[in-house]
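Notes follow the structure.
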Amino acid sequence: ASDIFDLAGMTFNINSPKQLGNVLFEELKLPKSKTNASGGYSTSVDVLEKLKMYPIVDKILYYRTVSKLYSTYAQGLLSAISSDGRIHSKFKQTVTATGRISSTDPNLQNIPIRTEIGRKIRKAFIPEEGFTIVSGDYSQIELRILAHIAQDKNMIKAFLDNEDIHTSTAAKVFSIPLQEVTKEQRYAAKAVNFGIIYGISDYSLSQDINVSVKNAGKYIKDYLEHYSGVKEYMERIVKTAIENGYVKTIYGRRRYLPELSSPKHSVREFGKRVALNAPIQGSAADIMKIAMIKVYNELKTKKLKSRLILQVHDELVIETSIDEIEEVKSILLHNMRDSFELSVPLEIDLSQQNSLLKG
DNA sequence: ATTCTCACG
DNA sequence: ACGTACGTGAGAATA
Ligand SMILES: [Mg+2]
């Protein structure tokens, strides 16, 4: 923090977006871009990432990471520990619009994993004596569901051939052999794959991966030419959403979309993106819920000591008695894999470790 | 109570 | 011309 004050030539509250915005964009005259809802300067990561070349910005990003981890997790979770030494979250079944569950008091579905410091926090979640942590998580479940719902021939083939979907996508979009795909190309293809599920635009993709809007537009165009079934699905789902006023998952769960008849263009566009995303995210949630119930029941029927302790949207975590590891792995594997039969296989990654942190 | 930001999938 | 990626929950600042 003192480095930041030195570089700014003044003292201020770094946690105040308003004060920070004024320091960066008024005092230091850095190039400003986005404004937030109340007309102030945005100081969010995506803005600051593009200003990283300024040493003060780089330090602010680090400060943000550390203070988030400290306040929400190091400090926040400490006060959530019960007298039994464990943290008991509440899982809400009727909150989300897509069919996912959510977790509160505290939220255990957003335990850090992406940064080094974050992983140290995750590592603090450990099993009881005599137990270990066994997890199963779906590999690329949302893209597999997209391939299935859209019945896209090329995407289905890529999954049936057990290819790395991002590398495979890169090869096709850039018209090169699989072996020649570079890291950068795979990264771009991955961003497009994710973006498609959210109803991407060329502008947003360009912002996300730092390429020109024109290039981003070309990636999307080439993508949809190769995955033409996905393109047709995107058009079809929006059309049926407008006709019916709702979309549905593979199990028939509906999401109503009043946004589609809004007089405001931006709200209608949002409705279209949701029409595209909700069946995918919601179907994944359906598949997970079915698997979860089967796993729970099998643990119970077999009178195992191991217990299901956490669900994180595409992952189940079981605190496993050390004499039940192989049995629990098998229970996770078959119940998750066979939860629902898609046009592509469902692949499960199994892991076992002595904390919530893998590896 | 609301806004902004950021942790996760 | 428009405006710009889906779903959550929580902490700090601000009003
Ligand atoms: Mg996964």
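Throughout, protein chains are lettered first and strands after them, A, B, ... in sequence-line order, and every chain is numbered starting at 1. Since this is a predicted model, take the numbers as computed values, not measurements.
Atom CD1 of Ile220(A) and atom C1' of dA5(C) are 10 Å apart (whole Å). The NE2 atom of His265(A) sits 13 Å away from the P atom of dA1(C) (whole-angstrom rounding). With rounding to whole Å, Glu142(A) atom CD is found 13 Å from dT8(C) atom C1'. Rounded to an integer number of Å, the gap from CZ of Phe91(A) to C1' of dC8(B) is 13 Å. Atom pair Ile101(A):CD1 and dC8(B):P shows a separation of 18 Å (rounding to whole Å applied). Here the C1' atom of nucleotide dA12(C) and the CG atom of Asn15(A) are 6 Å apart, to the nearest Å. Between Asp208(A) atom CG and dC6(C) atom C1' there is a gap of 13 Å when expressed in whole angstrom units. For Ile117(A) and dC6(B), the CD1 to P distance is 15 Å, given to the nearest whole Å.
Gln311(A) has no side-chain polar atom (N or O) that falls below the 4.0 Å cut-off from OP1 or OP2 of dG9(B). A sub-4.0 Å separation between OP1 or OP2 of dG9(B) and a side-chain N or O of Arg114(A) is present. The shortest distance between the side-chain N/O atoms of Asn110(A) and the OP1/OP2 oxygens of dA10(C) is not below 4.0 Å. Phosphate proximity of dT3(B) to Lys18(A): absent, as no side-chain N or O sits under 4.0 Å from OP1 or OP2. The side chain of Arg100(A) places no N or O atom within less than 4.0 Å of a non-bridging phosphate oxygen (OP1 or OP2) of dG7(C). Taking side-chain N and O atoms only, Arg255(A) has a distance below 4.0 Å to OP1 or OP2 of dG7(C). Taking side-chain N and O atoms only, Ser102(A) has a distance below 4.0 Å to OP1 or OP2 of dG9(C). Between Asn36(A) and dC4(B), a side-chain N or O to OP1/OP2 separation shorter than 4.0 Å is present.
Of the N and O atoms on the side chains of Ser16(A) and Asn13(A), not one donor lies less than 3.5 Å from an acceptor on the other residue. Donor-acceptor pairing under 3.5 Å is recorded for the side chains of Asn335(A) and Glu298(A). Side-chain contact, Ser42(A) with Asn36(A): no donor N or O sits under 3.5 Å from an acceptor N or O.
You'll find that the side chain of Ser44(A) is closest to dC6(B), out of dT4(C), dG9(B), dC6(B). In the set dA5(C), dA13(C), dG9(B), dA13(C) carries the atom at the smallest distance from any side-chain atom of Asn13(A). Minimum atom distance to the side chain of Val95(A) is reached by dG9(C), of the listed dT5(B), dG9(C), dA13(C). Listed nucleotides dC6(C), dA5(C), dT4(C) differ in distance to Tyr203(A); the shortest reach to its side chain belongs to dT4(C). Checked against dG7(C), dT4(C), dC8(B), the side chain of Ser204(A) finds its nearest nucleotide in dT4(C). The nucleotide whose nearest atom lies closest to any side-chain atom of Ile113(A) is, among dC8(B), dA13(C), dA5(C), dC8(B). Comparing dG9(C), dG7(C), dT5(B) by their nearest atom to the side chain of Ser42(A) picks out dT5(B).
Comparing dA7(B) with dC2(C), their C1' atoms are spaced 32 Å from each other, to the whole Å. Comparing the same atom, P, in dT5(B) and in dT4(C) gives a spacing of 15 Å after rounding to whole Å.
Within residues 59-84 of chain A, the residues approached by DNA chain C to less than 4.0 Å at the level of any non-hydrogen atom are Lys68(A), Ser71(A), Thr72(A), Gln75(A), in residue-number order.
The residue Phe194(A) sits close to a base: some heavy atom pair falls under 4.0 Å. Counting non-hydrogen atoms under 4.0 angstrom, Glu315(A) reaches nothing in the nucleic acid. Asp105(A) comes within contact range of the sugar-phosphate backbone alone, with a heavy-atom separation under 4.0 Å but no base atom that close. Within 4.0 Å (heavy atoms only), Glu269(A) reaches no atom of the nucleic acid at all. If you check every strand for non-hydrogen atoms under 4.0 Å, Thr96(A) touches sugar and phosphate atoms only. Here Ile111(A) lies in heavy-atom contact (under 4.0 Å) with sugar-phosphate atoms only. Within the nucleic acid shown, Ala275(A) has no heavy atom closer than 4.0 Å to any nucleic acid atom. As judged by a 4.0 angstrom heavy-atom cut-off over every strand, Ala97(A) is placed among residues touching the sugar-phosphate backbone only.
Nucleotide dC4(B): paired with dG11(C) (Watson-Crick or G-U wobble, both distances less than 3.5 Å).
Val274(A) and Tyr246(A) are assigned to two separate hydrophobic clusters, defined by single-linkage of ILVMFWY side chains at heavy-atom distances under 4.5 Å.
Side-chain to base pairing of Gln109(A) with dC8(B): no donor and acceptor N or O lie closer than 3.5 Å to each other.
Relative ring orientation between Tyr41(A) and Phe25(A) is described as tilted, the plane-to-plane angle lying within the 30° to 60° band. Classification of the Phe340(A)-His148(A) ring pair by plane angle, with boundaries at 30° and 60°, yields perpendicular.
The environment of NZ in Lys218(A) is sparse: at most 12 heavy-atom neighbours from other residues, nucleotides or ligands sit within 6.0 Å.
Side-chain contact check for Tyr227(A) versus Leu146(A): every heavy-atom pair is 4.5 Å or farther apart. Between Leu24(A) and Leu48(A), the closest side-chain pair of non-hydrogen atoms falls below 4.5 Å. A heavy-atom distance below 4.5 Å is not found between the side chains of Arg268(A) and Ile242(A).
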